[in-house]
Amino acid sequence: MQVTVFSKRFYYFLGAWFVINLLQSIFTNLHSDEAYYALYAQHMAWGYFDHPPMVAVLIKISSLLFNGNLGVRFMTVVLQLFTLMLTWRLIDDEKADNKKVTLFFILSAAPFMFAAYGFITTPDAPLLFFTALFLYLYKQFLNDKSWKLVIFLGIAIAGLVYSKYQASLVVGLVLLSNLKLLWRGKAWASIGVALLLVFPHIYWQIDNHFPSFQYHLIGRAGGFQWRFLLEYLPNQLAVFNPFVLGAVVFVLIKFRPADLFERALFFMIVGFIAFFWIMGMRGHVEPHWTIACVIPMIILLYRKCQESAGLNKYIYKVILPSLALLFIARVALATDLLPPKTGFGNKEKKAKAIESVAGDLPVVFTGSFQNPSEYIFYTHKPATVISSLDSRQSQFDIYQFEKEWNNKPAFICANVPGKSQHYNINGVEFDGFRTDSLQTVNRVKIDFALKKSDVQMGRLLILDCTFANMYNYDINFRHHQFPVKVQMALIQKKNVILTPVKLLAPIKKIRSGETIHRYMLVRVPNVPHGEYNLGVTLTTSLGSPLNGRFYKVNI
């Protein structure tokens, strides 16, 4: 039976998809990262430490319409409907019938993480939409290079960049598949439109000293480990569904691109998978970083099913039954049966337990940035995290909420020997203590010169250091609850080795805005041979923060 591009069956499936994701978003606990992104939406900006701002825009709109889970997820549920419609348009099957509509939705439902981004709000949700939009416009651009399309392509590219930095791969791989575009003025005009639209985000990065690029390009590098390479393919099987990924590999080997558009799809799939596998040589690769190539996968599998009866049979006999696994996972998510380490545990109970002790005091966490995000989301009360060399920096290092609480009472939710009390509130266990005078030192900047050749095991180093107090208040090194020690830090992977230093002149206080100089003596400790990052840090009971530059040294 011949049907229109959007048939009744298509809309029936689309409506069912919407209802299922809507219910899933209501009954599934927020993921830890979603609470973090919800904080973005409370402080709208042109950029954030980890990601561009599109995820904050989605949550902001959702929060204007709903409270609770839907206040974070509603626009994600809606956006995936448009992603599906664009992907169906990209298939462009003039002979589509109801059976083919069913095939399309089977292929769309089978990749596990694509289904998840229909109700979980992360930067990947808008990334998928703008990937589909970009491909839809690029396909038209191949035949119609009108200025209208040039402008729309620029808008789509800007949307990609504002969603996630994988945008550079999406656009770059399409350009690589059709190098003639490099000699097309209108292709460059689209890039120009995108750059103009993205300029506010670029300016934000410049104004904040490029925190996102430093984190993603430098901070996430963990050095070569075989496990990073070996875990990559199993993780990709989990992201895309092993049966779907197997079918995609078959298509890539068996078929050749039919036209320039299909060539772009081939390049995106192979390029994403290969690029991030190579990235595994420098550190851990998050499994979902490749999710943008799921759009080309769906399109290619659908198209090649029309040419291969065997592949079509495989979809129905192997991939369709695998949806039972997805159903089980969805039920487990909605009924809170998955282990807490997945990030979907009941965070509200923990937040309320801490609130029952902290009262109206601001709560200061150490370690994970998700903890204060969840606390703020569920209690609507102030919280922050104090980052250290044992944990990574986050958006909280840009907000710097702790400045407002200096020398004021706060609740420290951390296990500090000799100070913290252990609590068990309705089965929720945590450690913490009340302070009458909070002091943090993360914003004190330390600079020093180092001859790398001088760093030898057992050798005494003499370092000329400057300490710049960037706070608008004094830092008391003899604080009654948060005294400060100067230490040398050696970092190798996740191992932090702290060594006491001797100051030739003691530091009692650094006044607001003051910069002081001190010579310090420190002996390089006996450590296993290898490459380390060496720096100087100010240690308090809240940890040892990143106070300045670290040097790569070989010991």
Side-chain angles (χ1 to χ4, degrees), residues 209 214 218-219 366 386-393 397 400 402-403 406 416-418 437-555:
H209 311 293
Q214 290 191 44
I218 300 173
T366 60
I386 302 301
S387 62
S388 71
L389 299 178
D390 295 310
S391 62
R392 77 170 181 86
Q393 291 190 309
D397 288 281
Q400 300 180 15
E402 73 277 5
K403 287 182 176 180
N406 179 68
V416 178
S437 177
L438 178 68
Q439 176 177 266
T440 62
V441 294
N442 289 50
R443 317 304 159 201
V444 176
K445 298 302 178 185
I446 301 175
D447 191 25
F448 65 99
L450 177 73
K451 285 187 178 180
K452 297 182 182 180
S453 59
D454 290 342
V455 184
Q456 299 176 23
M457 200 178 302
R459 185 165 185 169
L460 186 67
L461 299 179
I462 302 176
L463 303 178
D464 180 10
C465 292
T466 60
F467 300 81
N469 182 4
M470 311 303 291
Y471 290 108
N472 59 0
Y473 46 80
D474 300 345
I475 295 297
N476 181 6
F477 273 56
R478 298 180 180 180
H479 192 278
H480 68 289
Q481 286 191 310
F482 301 96
V484 184
K485 293 188 296 183
V486 183
Q487 294 186 300
M488 183 182 77
L490 289 173
I491 304 175
Q492 187 180 61
K493 297 177 182 176
K494 292 187 177 181
N495 186 30
V496 179
I497 302 168
L498 297 173
T499 303
V501 306
K502 181 179 180 181
L503 297 174
L504 297 188
I507 303 175
K508 297 180 180 179
K509 182 181 291 187
I510 307 178
R511 300 191 181 281
S512 172
E514 182 182 18
T515 298
I516 65 172
H517 293 262
R518 288 292 187 276
Y519 283 100
M520 64 176 63
L521 303 178
V522 59
R523 193 170 298 278
V524 179
N526 292 324
V527 294
H529 293 278
E531 186 177 74
Y532 292 82
N533 288 301
L534 184 152
V536 178
T537 181
L538 300 180
T539 300
T540 71
S541 56
L542 297 177
S544 303
L546 178 66
N547 290 113
R549 177 183 177 184
F550 272 65
Y551 293 85
K552 284 190 179 296
V553 297
N554 284 296
I555 300 179

Colleague: If we ignore hydrogens and angles and just use 3.5 Å, is the side chain of N533 paired with the main-chain N or O of F550 as donor and acceptor?
Modeller: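 Pair absent, no side-chain N/O of N533 close to backbone of F550.
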Colleague: When rounded to the nearest 0.5 angstrom, what distance separates CG in N526 from NE2 in H529?
Modeller: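 Rounded to the nearest 0.5 Å, the CG-NE2 separation comes to 9.0 Å.
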Colleague: Are L490 and P525 close enough that some pair of their side-chain heavy atoms sits under 4.5 Å apart?
Modeller: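 Yes - at least one pair of side-chain heavy atoms lies under 4.5 Å apart.
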Colleague: Between Y473 and Y471, how do the two ring planes meet: parallel, tilted or perpendicular, split at 30° and 60°?
Modeller: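 If you compare the ring of Y473 with that of Y471, the planes turn out parallel.
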Colleague: Show the nearest heavy-atom pair for residues L463 and L450, with the distance to one decimal.
Modeller: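 In terms of heavy atoms, the two residues are closest at CD2-CD1, 3.8 Å.
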Colleague: List the steps and the verdict of side chain to side chain contact (heavy atoms under 4.5 Å, CB included) for D464 and H517.
Modeller: CA-CA 7 Å; D464 180 10; H517 293 262; 4.2 Å; yes
Colleague: Heavy-atom count check: over 12 atoms from other residues, nucleotides or ligands less than 6.0 Å from M457 CE?
Modeller: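 Yes.
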Colleague: Would you compute the distance between atom CG of L503 and atom CE of M520 and round it to the nearest 0.5 angstrom?
Modeller: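 Reported value, rounded in 0.5 Å steps: 5.5 Å.
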Colleague: Is there a side chain to side chain contact (heavy atoms under 4.5 Å, CB included) between I497 and Y532? Walk through the geometry before answering.
Modeller: CA-CA 10 Å; I497 302 168; Y532 292 82; 4.3 Å; yes
Colleague: Check L461 against D454 and note the closest heavy-atom contact, atom names and distance.
Modeller: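 That would be CD2-O, 3.3 Å.
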Colleague: Should H480 and S437 be marked as a side chain to side chain donor-acceptor pair (under 3.5 Å) after you check the CA-CA gap, both sets of side-chain angles, and the distance that decides it?
Modeller: CA-CA 9 Å; H480 68 289; S437 177; 5.0 Å; no
Colleague: Return each pair, listed once, that meets salt bridge (Lys or Arg N to Asp or Glu O under 4.0 Å) where at least one residue sits in residues 440-453; pairs must be two or more places apart or across chains.
Modeller: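 Qualifying pairs: D397-R443, E402-R443.
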Colleague: Mind checking the CD1-CD spacing from I386 to Q400? Nearest 0.5 Å is all I need.
Modeller: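 Between atom CD1 of I386 and atom CD of Q400 there are 9.5 Å.
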Colleague: Please name the pair of heavy atoms, one in Y551 and one in F448, separated by the smallest distance, quoted to 0.1 Å.
Modeller: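 For Y551 versus F448, the nearest heavy atoms are OH-O, 2.6 Å.
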Colleague: More than 12 foreign heavy atoms under 6.0 Å from CD1 of I462: is that the case here?
Modeller: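 It does not: I462 CD1 has 12 such atoms or fewer within range.
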Colleague: Which value, rounded to the nearest 0.5 Å, describes the distance between I491 atom CD1 and L498 atom CG?
Modeller: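 The CG atom of L498 is 8.5 Å from CD1 of I491, to the nearest 0.5 Å.
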Colleague: Are the side chains of V536 and N547 in contact, using a 4.5 Å heavy-atom criterion?
Modeller: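 No - every pair of side-chain heavy atoms lies 4.5 Å or more apart.
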Colleague: Taking all non-hydrogen atoms of both residues into account, name the closest pair between A468 and T515 and its distance.
Modeller: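 Answer, listing the atom of A468 first, then T515: CB-OG1, 3.5 Å.
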Colleague: Taking T537 for its side chain and P545 for its backbone only, find out whether a donor-acceptor pair lies under 3.5 Å.
Modeller: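 Checked: pair present.
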Colleague: Might you point out which heavy atoms bring H209 and Q214 nearest each other, and give the distance in Å?
Modeller: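 Between these two residues, the closest heavy atoms are O-NE2, 2.7 Å.
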Colleague: Would you confirm whether T440, through its side chain, and N442, through its main-chain N or O, come within 3.5 Å as a donor-acceptor pair?
Modeller: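 No, T440 side chain to N442 backbone: no donor-acceptor pair under 3.5 Å.
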Colleague: Can you tell me how far the OG atom of S388 sits from the CD atom of Q393, to the nearest 0.5 Å?
Modeller: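 So the OG of S388 and the CD of Q393 are separated by 10.0 Å.
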Colleague: So do N472 and K403 actually touch side chain to side chain, heavy atoms under 4.5 Å?
Modeller: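 The answer is no, as the side chains (C-beta and beyond) never meet within the 4.5 Å cut-off.
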Colleague: What heavy-atom pair brings S544 and Q487 nearest, and what distance separates the two atoms?
Modeller: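 That closest heavy-atom pairing would be OG-OE1, 4.3 Å.
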Colleague: To the nearest 0.5 angstrom, please state how far the OG atom of S453 sits from the CG atom of N554.
Modeller: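 Output value for this atom pair is 12.0 Å.
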Colleague: Would you mind reporting whether F477 and I510 have side-chain heavy atoms less than 4.5 Å apart?
Modeller: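 In short, these two side chains touch, coming nearer than 4.5 Å.
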Colleague: V484 versus H479: any side-chain heavy-atom pair under 4.5 Å?
Modeller: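 Not in contact.
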Colleague: Tell me, which pairs form a salt bridge (Lys or Arg N to Asp or Glu O under 4.0 Å) where one or both residues lie in residues 497-518, sequence neighbours left out?
Modeller: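 Qualifying pairs, neighbours excluded: D474-R511.
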Colleague: Mark yes or no for whether Q439, through its side chain, and F482, through its backbone, hold a donor-acceptor pair below 3.5 Å.
Modeller: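 At least one qualifying donor-acceptor pair exists.
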Colleague: Run through I516, N476, I475 and flag the one making a side-chain contact (heavy atoms from CB on, under 4.5 Å) with I507.
Modeller: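 Considering I516, N476, I475, a side-chain contact (heavy atoms from CB on, under 4.5 Å) with I507 is found only for I516.
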Colleague: Show the numbers, then the answer: is there a side chain to side chain contact (heavy atoms under 4.5 Å, CB included) between V486 and F467?
Modeller: CA-CA 11 Å; V486 183; F467 300 81; 4.2 Å; yes
